[in-house]
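Everything numeric here is computed off the predicted structure, so don't read it as measured data. Numbered from 1 within each chain, the chains take letters A, B, ... in sequence-line order. Computation of the quantities below employed the complete heavy-atom set of this structure, encompassing side-chain atoms and omitting hydrogens, waters and symmetry-equivalent molecules.
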There are 2 protein chains.
Amino acid sequence: MDFKLSFKVNEAVYLRDPEASELGKLIIKHSIDLIYNLGFESFTFKKLAVEMGTTEASVYRYFENKHRLLLYIISWYWKYMDFLIDYQLQNITDNKQKLKTIIKMLTHELPISAGGLDYNKKFLNQIVISESSKVYLVKEVTEINKSEVFKPYKELCAKIAAVVSAYNKKYAYPKSLSSTIIEASHHQQFFSQHLPRLTDVTPKNKNEFACLFIENLAFGVLG
Amino acid sequence: MDFKLSFKVNEAVYLRDPEASELGKLIIKHSIDLIYNLGFESFTFKKLAVEMGTTEASVYRYFENKHRLLLYIISWYWKYMDFLIDYQLQNITDNKQKLKTIIKMLTHELPISAGGLDYNKKFLNQIVISESSKVYLVKEVTEINKSEVFKPYKELCAKIAAVVSAYNKKYAYPKSLSSTIIEASHHQQFFSQHLPRLTDVTPKNKNEFACLFIENLAFGVLG
DNA sequence: TGACATTAATAGCATTACTATCATTTATAA
DNA sequence: TTATAAATGATAGTAATGCTATTAATGTCA
């Protein structure tokens, strides 16, 4: 992969497009580092500004609040994952293999060098695991949803659902299975890292565990 | 059921036991109402105090912060669910029927009148669906976990896992399946309410949807 | 060069998340 | 009953957070 990647995130997410300026790109880059290090609850625009050597007010020109910033990062990830899935499925015809590939991608770190992105992939991955559900688990979800900002997630879900349906035409819950696969991928990774008693992880299969479980789950249901 | 129910929540969760005083019980009751109405992010001890006609300082005497209060409510729910499962499984011998009963309980509102509890069951249920994952999806999870406050969740998970294993002795991931069933029950209820495109819900099966999907998932995997 | 738009810097304010102090009420036990 | 401790209430205060407004500086292209 040797080209410039960029994803148009829904304009409703930001006040000023962070991809369109140096400062904007720095905000995203440093946010990923800082949210990873502090956790989303302790992350503030003030701390971000100090870290970057800029001011709070500058950050507020790009994002209404930190929730929107997180939504931007997660949207970006969803779009990126969507792209990667297309890319990786290109030469695969077998639907079982397609689904396996998707599950592998959802349960492993992002490929290191993809399209000259200098976001920290490891951090981004952990943020997705620990923080992504916080973008929709809010009181205002219905209001936020009206501006279509969750579209990338829905599209990703629909894409996986299409593979699920192609693999098993009779299966009645392709979309719910897909959203469950995505969410369970995150949860099982989080649990196996921090609350292993909620899983069947062993010291030996720590890195592969989520992938193994989700594969078993998906093909158990789909036959 | 005609008796007084009360669950000992781990002492590390609170500063003063809210079950042990009138004010304490009022704090929990009003918190459930207020968290439901405002969402956890907008909920503050100040607002709670005003609502109850007491002071912020009084609330702080019971809980270190609002995260601990949420953890108390969710722990209480886990313990209650654990109790209800025992109660409901009493006369069931068939493991398939046991698992069905558990899934039904996880995907439906709590029974209305149980043991003279005057917490709003509908609100408590919605809080569990929307807010419960926020108790562990925090940077300090490892630190918090040391004081065993997640034990009720782990015990609930282990209890379900035992039924799973009894139903299918060869199944390799009983605990992960159980935590997935719990989490997916919440997610699918949330999604079918607020982001239906992530599910296969129909206007007709709105109330039964999560139950149907999870049942299909569980028995699909377990045979 | 000058008009105009973008970005930065400063300041400020209301709310949040606590902590401390002291007076008052209520339960308890000598 | 009285003393004594424990729980609550009232008031205040501090530092951090979340956000807005205003002005200053910088670039840009007609």
Give B:Tyr62 one of three labels, base, sugar-phosphate or nothing, depending on what nucleic acid heavy atoms sit under 4.0 Å from its own. sugar-phosphate
Are any side-chain N or O atoms of A:Ser179 and backbone N or O atoms of A:Ser176, one a donor and one an acceptor, separated by less than 3.5 Å? yes
How close or far is atom P of D:dA6 from atom CG of B:Leu15, stated in whole angstroms? 17 Å
Distance only, no hydrogens: is a donor on one side chain within 3.5 Å (strictly under) of an acceptor on the other, for B:Gln188 and B:Thr199? no
Can you tell me how far P of D:dG18 sits from CZ of A:Phe63, to the nearest Å? 16 Å
How many whole angstroms separate atom NZ of B:Lys25 from atom P of D:dA7? 15 Å
Would you say B:Ser58 places a side-chain N or O within less than 4.0 Å of OP1 or OP2 belonging to D:dT8? no
Contacts table for residues 147-157 of chain A: side-chain donor-acceptor under 3.5 angstrom, sequence neighbours left out:
{"unit_1": "A:Ser147", "atom_1": "OG", "unit_2": "A:Ile144", "atom_2": "O", "d": "2.8"}
{"unit_1": "A:Tyr153", "atom_1": "OH", "unit_2": "A:Glu183", "atom_2": "OE2", "d": "2.4"}
{"unit_1": "A:Lys154", "atom_1": "NZ", "unit_2": "A:Asn145", "atom_2": "OD1", "d": "2.8"}

Please list each protein N or O that sits under 3.5 Å from an N or O in nucleotides 14-20 of chain C, with the distance.
{"unit_1": "C:dC18", "atom_1": "O5'", "unit_2": "B:Tyr60", "atom_2": "OH", "d": "3.2"}
{"unit_1": "C:dC18", "atom_1": "N4", "unit_2": "B:Glu56", "atom_2": "OE1", "d": "3.2"}

Quick one: B:Leu23 CG to C:dT25 P, roughly how many Å, whole number? 17 Å
Answer yes or no: does a side-chain N or O of A:Arg16 lie under 4.0 Å from OP1 or OP2 of C:dT6? no
Give the rounded distance in Å between these two atoms: CD1 of B:Ile27 and C1' of D:dT8. 11 Å
Taking everything shown except B:Arg197 itself, do over 12 heavy atoms lie less than 6.0 Å from its CZ? no
Within 6.0 angstrom of A:Asn120 CG, more than 12 heavy atoms from elsewhere: yes
Identify whether any heavy atom of A:Thr54 sits under 4.0 Å from a base atom; if not, whether one sits that close to sugar-phosphate; answer base, sugar-phosphate or nothing. nothing
Taking side chain as C-beta onward, heavy atoms only, is B:Lys139 less than 4.5 Å from A:Phe43? no
